[in-house]
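Notes follow the structure.
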Amino acid sequence: MPDLKNNSFKLYKKGDLAYLQAPFLAENGYVEHGFSTRQGGCSNGSFISLNTGFHTGDDQANVLENRRRFFELFNCDYRSIVSAVQVHGTDLHVFYRSDSGEGALPENARRHCDALITEEPHLALTAFSADCQLIYFAAKQDSPLVALAHAGWRGTLGDIGGKVIRFLKSNYGVDSSQLLAGLSPAVCKHCYIIADRVAEQFKSKGWDSPPYLETAEGSGGWGLDLTSINTRQLMRAGVKSENITANQWCTSCHPDLFYSYRRDKGLTGRMLGFIAISKT
Ligand SMILES: [Zn+2]
């Protein structure tokens, strides 16, 4: 595995809010993107404070206010974003201008998929996580194109990143060697202990040794490294290592910044990732 640690998402603060960006996605001039933290929101209790997920048990008015605050950082109207119902699969869907706002309000997400793609400028693709990894994609070509995938263990096992790249290649002629990819904060292998039945599925696909999968000391389980596997899958699909922003943030190890489904035993909020074409 190449050492990509110097090329990780970086933390930025603005007022009470904190968010992360992948430096080379931020600097390329045609993409706007971000990954929220839990800081600077209005939610209470287990959801303190910037919970962005509707399906968490939180007050939906608070979730909307949190989204408004977050997107205000990027001069983006939170009512025009798009999102899907995440189902831990590998299906993908292309969004158009006419889809604007789909998934922006409670119960109005219609597509069941874990990867979103668009060529439309100023249409923010969004996904949600609390341990799972979000994978950002940006292709600069005659017509710029962006994508966002949600990869928990099932999506990672199913190579959702590679599937997105193959789709972009065959449907849009994207040259994967020119593709930029960013891996969001996710649960680390020391915090993500999986049982034998899940580990067996990874072993059967060749993910049977460090850094991908390793025996977890004293737990009887296995430590799974989502970031390493997703990075390798992106490279196998043709993305250059220097064009990958890796992840060095563990969602479980940083309770001040991130929600963690595992650490918080299911009662927790969600971070939001988004990517949009800022200009053509
Ligand atoms: Zn950790």
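Atom set for the values below is all heavy atoms of this structure, side chains included, hydrogens, waters and symmetry mates excluded. Just so we're clear, the structure is a prediction, and the values are computed from it rather than from any experiment. Remember, it's 1-based here, ligands and their atoms both numbered in the order they're listed.
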Have Gln133 and Thr227 got a donor and an acceptor in their side chains that come within less than 3.5 Å? yes
Between Phe9 and Tyr136, how do the two ring planes meet: parallel, tilted or perpendicular, split at 30° and 60°? tilted
Does a donor on one side chain and an acceptor on the other come within less than 3.5 Å for Ser252 and Asp131? no
What protein atoms of element N, O or S are positioned under 2.8 Å from the Zn ion (ligand 1)? Cys188 SG, Cys191 SG, Cys250 SG, Cys253 SG
Do Ser184 and Asn247 meet the criterion of a side-chain donor-acceptor pair at a distance under 3.5 Å? no
Decide ring-ring contact (aromatic ring centres under 6.0 Å, His included) for His112 and His93; before the verdict, give the C-alpha distance in whole Å, the side-chain angles of both, and the deciding distance to 0.1 Å. CA-CA 9 Å; His112 288 66; His93 184 77; over 10 Å; no
Shared hydrophobic cluster for Trp222 and Tyr192 (ILVMFWY, side-chain gaps under 4.5 Å): yes
